[in-house]
Peer 1: 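To start, I am sharing the structure in question, which I have written as structure tokens.
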Amino acid sequence: MTEFARRVEGVSISGIREVFEAAGEDAINLGLGQPDFPAPAHAREAATEAIAEGLADGYTGNKGIESLREAIAEKYARDQGVEVDPGDVIATAGGSEALHLAIEAHVDPGEEVIFPDPGFVSYDALTRLADGVPKPVELREDLTLDPATVEEAITDDTAAFVVNSPSNPTGAVAGEDDIREFARIADEHDVVCISDEVYERIVFDGAHHSPMEFAETDSVVTVGACSKTYSMTGWRLGWVQASNRRIERMLRVHQYMQACASAPAQFAAEAALTGPQDRVDEMVAAFEERRDVLLDGLEDAGLEVPTPTGAFYAMPKVPEGWVDEVIDSGVVVVPGDAFGVRGEGYARISYATGMEELKEAIEIMQDVTRRID
């Protein structure tokens with residue numbers, strides 16, 4: 001009798017979703033990574049115009065509409081100073097599909113994928129779905145990924161390693177020296193560096209750098225999305241960028257599992273990338289203000305929390321039972337071990353919510369901390 005594939009049996013439902021689904025209707029949600037801002041008006045208008053004019057009724061090319069891919073290439077020239085051929089970009093159903101393509105196209109059964117622990121939940125699951133072997137590695141005390149740790153973990157069976165900066169769940173941003181090292185490691189060891197840059201524009205201190213800026217070979221595959229930067233999580237529009245030979249392999253997977261990204265979302269994404277960027281700056285400023293309020297509140301409660309320098313997450317160390325007690329008190333947070341075994345003893349808190357709700361949640365978390373202590 002046919003049962004279920006081992007690769008599926010080895011994957012569980014995301015701990016983020018489990019917490020979210022279990023929360024009460026009136027709970028303050030600090031568990032989901034979704035900005036509370038509307039998508040840019042010009043992006044919405046571009047989608048509705050494309051629909052009204054009948055431009056979004058049919059399939060686009062497998063890689064996506066050319067003007068969108070040109071906009072993505074222009075973004076890399078502007079932000080990273082790297083020249084990208086629009087033909088070396090695939091528009092995907094969010095950053096999630098882009099990650100899936102990158103791993104599926106580069107990992108054979110039994111090969112290893114190195115990724116941060118704690119790290120985004122998809123890295124482990126997508127590795128297992130490709131019949132690969134997850135190889136999580138610990139972070140530094142400040143929750144950044146150490147290139148030396150990655151290099152030490154590489155073996156003859158290593159196919160790829162993942163760099164995520166700014167990071168989900170930690171909010172850490174890798175420094176330029178570390179990013180240069182990641183590029184060197186990929187080049188010298190002939191191992192693919194999958195650079196997850198979905199939060200690239202949300203940086204408070206320092207600057208975002210990509211391994212693609214420093215790699216001397218085609219060892220880097222870059223994942224991006226409109227989801228976080230433009231508050232377009234529901235539009236499901238991301239992309240993957242790499243050398244032509246890597247893109248052509250990823251396209252073989254994409255064409256069968258997805259055919260093409262949503263056409264209306266592609267027109268919206270092009271407008272978001274090429275239109276006014278004021279909304280992005282406003283969002284980042286708001287997130288930074290919320291971060292500072294949250295950090296003050298957590299530290300006043302006596303919790304130790306590394307200062308996040310990007311994204312919209314904080315990851316404090318918390319006492320045993322703290323997460324359950326906070327959730328029972330009406331605030332949704334995610335236990336750190338949802339992001340890997342080394343996340344145990346931490347909690348991920350998203351501050352992608354309004355300031356008033358955040359302040360109310362902080363008071364609840366402070367009260368819980370006092371009770372537990």
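Just so it is clear, the model here is predicted, and its values are computed rather than measured.
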Peer 1: Output all residues satisfying side chain to side chain contact (heavy atoms under 4.5 Å, CB included) with Arg78, sequence neighbours left out; order by chain, then residue number.
Peer 2: Lys75
Peer 1: Walk me through whether Asp367 and Ser329 qualify under side-chain contact (heavy atoms from CB on, under 4.5 Å).
Peer 2: CA-CA 10 Å; Asp367 182 59; Ser329 300; over 6 Å; no
Peer 1: Tell me every residue that passes side chain to side chain donor-acceptor pair (under 3.5 Å) with Asp146, counting only those two or more places apart in sequence or in another chain.
Peer 2: Arg140
Peer 1: Hey, what's the ring geometry for Phe287 with Phe37, parallel, tilted or perpendicular (30° and 60° as the breaks)?
Peer 2: perpendicular
Peer 1: Hey, are the side chains of Ile185 and Pro147 touching, using non-hydrogen atoms and a 4.5 Å cut-off?
Peer 2: yes
Peer 1: So do Leu145 and Leu139 actually touch side chain to side chain, heavy atoms under 4.5 Å?
Peer 2: yes
Peer 1: Would you find a donor on one side and an acceptor on the other, under 3.5 Å apart, between the side chain of Asp196 and the backbone of Val223?
Peer 2: no
Peer 1: Is there side-chain contact between Leu251 and Lys63, with heavy atoms separated by less than 4.5 Å?
Peer 2: yes
Peer 1: Check whether any side-chain N or O of Thr222 sits under 3.5 Å from a backbone N or O of Ser195 as a donor-acceptor pair, and report yes or no.
Peer 2: no
Peer 1: Sorted by first residue and then second, give each salt bridge (charged side-chain N to carboxylate O under 4.0 Å, His left out) pair with at least one member in residues 329-352; sequence neighbours left out.
Peer 2: Asp117-Arg342
Peer 1: Can you get from Leu68 to Val82 by hopping between Ile, Leu, Val, Met, Phe, Trp and Tyr side chains that sit under 4.5 Å apart?
Peer 2: yes
Peer 1: Are Glu176 and Arg180 ion-paired here, with the side-chain N under 4.0 Å from a carboxylate O?
Peer 2: yes
Peer 1: Could you list the residues that satisfy salt bridge (charged side-chain N to carboxylate O under 4.0 Å, His left out) with Asp142, not counting sequence neighbours?
Peer 2: none
Peer 1: With rounding to the nearest 0.5 angstrom, report the CD to OG distance, Glu188 to Ser219.
Peer 2: 10.5 Å
Peer 1: Work out which heavy atom in Ala47 is nearest to a heavy atom in Pro264; give both atom names and the distance.
Peer 2: CB-O, 3.6 Å
Peer 1: Judged by atom type as modelled, is there a donor-acceptor pair below 3.5 Å linking the side chain of Ser165 to the main-chain atoms of Ser167?
Peer 2: no
Peer 1: Under 4.0 Å between a side-chain nitrogen and a carboxylate oxygen: does that hold for Arg6 and Glu9?
Peer 2: no
Peer 1: Any idea which heavy atoms bring Val221 and Ala242 closest together, and the distance?
Peer 2: CG2-CB, 3.9 Å
Peer 1: Ring pair (Phe, Tyr, Trp, His ring centres under 6.0 Å): which pairs involve residues 157-202, sequence neighbours left out?
Peer 2: Tyr199-Phe312, Tyr199-Tyr313
Peer 1: Could you give all pairs that pass the salt bridge (charged side-chain N to carboxylate O under 4.0 Å, His left out) test and reach residues 318-330, with sequence neighbours left out?
Peer 2: Glu325-Arg371
Peer 1: Are Ile72 and Leu273 close enough that some pair of their side-chain heavy atoms sits under 4.5 Å apart?
Peer 2: yes
Peer 1: Return the set of residues passing side chain to side chain donor-acceptor pair (under 3.5 Å) with Arg128 (not counting sequence neighbours), or none when no residue passes.
Peer 2: Asp124
Peer 1: Compile the donor-acceptor pairs under 3.5 Å between side chains in residues 95-112 and protein atoms, sequence neighbours left out, one pair per line.
Peer 2:
{"unit_1": "Glu97", "atom_1": "OE1", "unit_2": "Ala93", "atom_2": "N", "d": "2.7"}
{"unit_1": "Glu97", "atom_1": "OE2", "unit_2": "His254", "atom_2": "ND1", "d": "2.6"}
{"unit_1": "His100", "atom_1": "NE2", "unit_2": "Glu104", "atom_2": "OE1", "d": "3.2"}
{"unit_1": "His106", "atom_1": "ND1", "unit_2": "Ala102", "atom_2": "O", "d": "2.8"}
{"unit_1": "His106", "atom_1": "NE2", "unit_2": "Arg246", "atom_2": "NH1", "d": "3.1"}
{"unit_1": "Glu111", "atom_1": "OE1", "unit_2": "Asp108", "atom_2": "N", "d": "2.9"}
{"unit_1": "Glu112", "atom_1": "OE1", "unit_2": "Thr155", "atom_2": "OG1", "d": "2.8"}
{"unit_1": "Glu112", "atom_1": "OE1", "unit_2": "Thr158", "atom_2": "OG1", "d": "3.0"}

Peer 1: Between atom CZ of Arg236 and atom OG of Ser227, what is the distance when rounded to the nearest 0.5 Å?
Peer 2: 5.0 Å
Peer 1: In Å, rounded to the nearest 0.5 Å, how long is the span from CH2 of Trp239 to CD1 of Ile247?
Peer 2: 13.0 Å
Peer 1: Tell me whether Val173 is reachable from Tyr346 by hopping between hydrophobic residues (I, L, V, M, F, W, Y) whose side-chain heavy atoms are closer than 4.5 Å.
Peer 2: no
Peer 1: If you count every heavy atom of other residues, nucleotides or ligands that lies below 6.0 Å from Gln255 atom CD, does the total exceed 12?
Peer 2: yes
Peer 1: Membership question, hydrophobic clusters at under 4.5 Å side-chain separation (ILVMFWY): are Leu295 and Val203 in the same one?
Peer 2: no
Peer 1: May I ask you to test the Leu303-Met365 pair for a side-chain heavy-atom distance under 4.5 Å?
Peer 2: no
Peer 1: Looking at Glu282 and Arg279, is any side-chain nitrogen of the basic one under 4.0 Å from a carboxylate oxygen of the acidic one?
Peer 2: yes
Peer 1: Side chains of Glu213 and Ile179: closer than 4.5 Å at any heavy-atom pair?
Peer 2: no
Peer 1: With side-chain hydrogen bond (donor to acceptor under 3.5 Å, both in side chains) as the rule and sequence neighbours excluded, what pairs involving residues 260-277 come up?
Peer 2: Thr60-Gln266, Ser67-Glu270, Arg201-Gln277, Tyr230-Gln277
Peer 1: Residues in side chain to side chain donor-acceptor pair (under 3.5 Å) with His42, at least two apart?
Peer 2: none
Peer 1: Could you measure the distance from the OG atom of Ser243 to the CG atom of Asp85? Nearest 0.5 Å is fine.
Peer 2: 11.0 Å
Peer 1: Does the side chain of Ile349 reach to within under 4.5 Å of the side chain of Leu298, using non-hydrogen atoms?
Peer 2: yes
Peer 1: Pair Ile194, Phe115 - check side-chain contact (heavy atoms from CB on, under 4.5 Å), show working.
Peer 2: CA-CA 10 Å; Ile194 300 172; Phe115 53 82; over 6 Å; no
Peer 1: Does a sphere of radius 6.0 Å around CG in Asp190 hold more than 12 heavy atoms from other residues, nucleotides or ligands, not counting ones at 6.0 Å or beyond?
Peer 2: no
Peer 1: Looking only at atom types and distance, does a side-chain atom of Glu216 sit under 3.5 Å from a main-chain N or O of Asp187, one as donor and one as acceptor?
Peer 2: no
Peer 1: Would you say Glu181 and Phe214 make side-chain contact, with heavy atoms under 4.5 Å?
Peer 2: no
Peer 1: Which pairs with one or both residues in residues 297-308 pass side-chain hydrogen bond (donor to acceptor under 3.5 Å, both in side chains), sequence neighbours excluded?
Peer 2: none
Peer 1: Kindly compute the distance separating CD (Glu288) from OG1 (Thr309), expressed to the nearest 0.5 Å.
Peer 2: 10.5 Å
Peer 1: Distance check, rounded to the nearest 0.5 Å: Ile362 atom CD1 versus Glu357 atom CD?
Peer 2: 12.0 Å
Peer 1: Enumerate the salt bridge (charged side-chain N to carboxylate O under 4.0 Å, His left out) contacts for residues 29-50, please, sequence neighbours excluded, ordered by first and then second residue.
Peer 2: Asp36-Arg290
Peer 1: Give the cluster check for Val150 versus Val341: same hydrophobic cluster or not, with ILVMFWY residues linked at side-chain heavy-atom distances below 4.5 Å.
Peer 2: no
Peer 1: Would Glu141 and Lys317 satisfy salt bridge (charged side-chain N to carboxylate O under 4.0 Å, His left out), going step by step from the backbone distance to the final call?
Peer 2: CA-CA 11 Å; Glu141 279 295 312; Lys317 291 182 179 180; 3.8 Å; yes
Peer 1: Could you walk me through whether Asn168 and Lys228 pass side-chain contact (heavy atoms from CB on, under 4.5 Å), step by step?
Peer 2: CA-CA 11 Å; Asn168 175 9; Lys228 313 299 181 175; 5.8 Å; no
Peer 1: Verify side-chain contact (heavy atoms from CB on, under 4.5 Å) between Val133 and Asp157, making sure each step is shown before the conclusion.
Peer 2: CA-CA 9 Å; Val133 178; Asp157 294 323; over 6 Å; no
Peer 1: May I ask whether Val113 and Val11 are part of the same hydrophobic cluster, defined by side-chain heavy atoms of I, L, V, M, F, W, Y residues being less than 4.5 angstrom apart, directly or through others?
Peer 2: yes
